[in-house]
Amino acid sequence: MPEHKPDTLGVRAGALRSDFQEHSEALALTTSFVFRNAAEAARRFANEEPGNIYSRFTNPTVTMFQKRLAALEGAEACVATATGMAAVATMALGLLKTGDHLIAARGVFGTVVPLFDQILARLGIATTWVDLSDLDAWKRAVRRETRLLFLETPSNPVCEVADIAALAAIAKGAGAVLAIDNCMCSPALQRPIEFGADLVIHSATKYLDGQGRVLAGAIAGRADLVSGPLYQFVRTAGPAISPFNAWICLKGMETLRLRMQAQSQSALALARWLESHPGVERVLYPGLDSHPQHALAMRQQSAGGAVLSFVARGGREAAWRVIDAVKMISITANFGDVKSTVCHPATTTHGRIPAAEREASGIVEGLVRLAVGLEHPDDIRADLERGLKA
Ligand SMILES: *Cc1c(COP(=O)(O)O)cnc(C)c1O
């Protein structure tokens, strides 16, 4: 239903009904599907007629999830995976072969680094790491063998923003695919395909579920890639999503726009308050006028998003004091939940990166990452104030 507005797509797109005419989307928790006769089974397996066969590669609940996400991203097609990392691995292994080269932004989700530097490297696929917003570095890194450009925008936890249209032009010139991890914004705030991205990667574990219940992932984008090699990879290698997890995310997407708008609004209010707080050195949030890429961010995103970081005055000691003083906000490395979470990236998610490299990428000892949930912003502020005042 491309003629509908995004709010409508989130609630309605992709919905299918069984013969029961159920109103709420059904959970088809079944491994396989029954054929009326041998000839029907043969036609399904020969791809001569559409229909469900086996839930590793055809399941109606998974299909609904894929169609709804494709509609929200403005994508031609979508394939779901078991986790966000399974989506990244499917993208790489489904598209690349020995001898190929890819370029990735430093500061992508941490687990991507060993996937590229160890597993892909072992297969003879080389990665060049570049700074997210340094367009000349992306251009210089292009080789004849370059097949893929991969990044996240805004980045986590320092909220750096990439110019998607400029990177799409570089990818096009190189004959490579541009893939954007859209976890931080979700399609409610940013649709990378509109700016020229070929693929959008999701950890649906984050805002698509939105309530921290299940792991899930997806790749949306060009049909020649998604319905071709990427779907074939999921079907044959098997990193498929559970129908239950797809159902959770399908229902989560019904409130995605409302959640993202409300959580972004609270994040902006908190970012402004933190920026004026004497205990805070600096706030990193694309929605703030003071963000060095604010104008670019607001061209690509309809709001700043729900994740912000700030540098507490006084280094690690000050950062830990803020975290240890919270009574309501959860101390956890996850984000994307309706419950606010806080963490200290330098000693958790980014603790294994050598200190000099970590500091150079902006993940300093005083940095605190806050993922803003749906609690009242006054309560979140009061919870943070306690440690900042101390
Ligand atoms: C969490 C996350 C992933 C990995 O997703 P899983 O579902 O945990 O496998 C990938 N990219 C980003 C940006 C993430 O935040």
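Since this is a predicted model, take the numbers as computed values, not measurements. The figures here come from the full heavy-atom set of this structure, side chains too, leaving out hydrogens, waters and symmetry mates. First listed ligand is number 1; within each ligand, the first listed atom is number 1.
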- Query: If you count the atoms of ligand 1 from 1 in the order shown, which ones are under 4.0 Å from a heavy atom of Glu152?
  - Reply: 13 (C)

- Query: When you measure from atom 8 (O) of ligand 1 to every protein heavy atom, which one gives the shortest distance, and what is it?
  - Reply: Ser203 OG, 4.2 Å

- Item | Which of the ligand 1 atoms, numbered from 1, are nearer than 4.0 Å to a heavy atom of Phe335 | 15 (O)

- Among His202, Lys206, Met184, Met85, the residue with a heavy atom nearest to atom 14 (C) of ligand 1 is Lys206

- Message: Pairing donors with acceptors under 3.5 angstrom, does anything connect the side chains of Trp138 and Asp131?
- Response: no

- Task: Could you tell me the residue and atom name of the protein heavy atom closest to atom 6 (P) of ligand 1, and the distance to it rounded to 0.1 Å?
- Result: Gly84 N, 3.4 Å

- Query: When you look at CD of Gln265, are more than 12 heavy atoms from neighbouring residues, nucleotides or ligands closer to it than 6.0 Å?
  - Reply: no

- Residue, atom and distance of the protein heavy atom nearest atom 4 (C) of ligand 1 read Phe109 CE2, 3.3 Å

- Message: Taking 4.0 angstrom as the limit and counting only heavy atoms of Cys183, give me the atoms of ligand 1 inside it, by number and element.
- Response: 12 (C), 13 (C), 14 (C)

- Going by an N to O cut-off under 4.0 Å, is there a salt bridge joining Arg386 and Asp383? yes

- Query: Among protein heavy atoms, which sits nearest to atom 7 (O) of ligand 1, and what does the distance come to when rounded to 0.1 Å?
  - Reply: Thr205 OG1, 2.6 Å

- Query: If you measure every N/O of Leu215 against every N/O of ligand 1, is any gap under 3.5 Å?
  - Reply: no

- Closest heavy-atom approach to atom 13 (C) of ligand 1 among Ile201, Asp181, Asp209 is made by Asp181

- Query: So does Arg282 have more than 12 non-hydrogen atoms from other groups sitting under 6.0 Å from CZ?
  - Reply: no

- Message: I'd like to know if Glu275 and Arg272 make a salt bridge, using a cut-off of under 4.0 Å between side-chain N and carboxylate O.
- Response: no

- Task: Could you tell me whether the side chains of Ser361 and Glu357 share a donor-acceptor contact shorter than 3.5 Å?
- Result: no

- Report the C-alpha separation of Glu49 and Arg44 in whole Å, then their side-chain angles, then the decisive distance to 0.1 Å, and conclude whether the salt bridge (Lys or Arg N to Asp or Glu O under 4.0 Å) test is met. CA-CA 5 Å; Glu49 103 181 7; Arg44 293 263 174 95; 3.2 Å; yes

- Message: Could you check whether any heavy atom of Asn156 sits closer than 4.0 Å to an atom of ligand 1, since that is the contact criterion I want to use?
- Response: no

- Item | Salt bridge Arg106-Glu160, side-chain N to carboxylate O under 4.0 Å | no

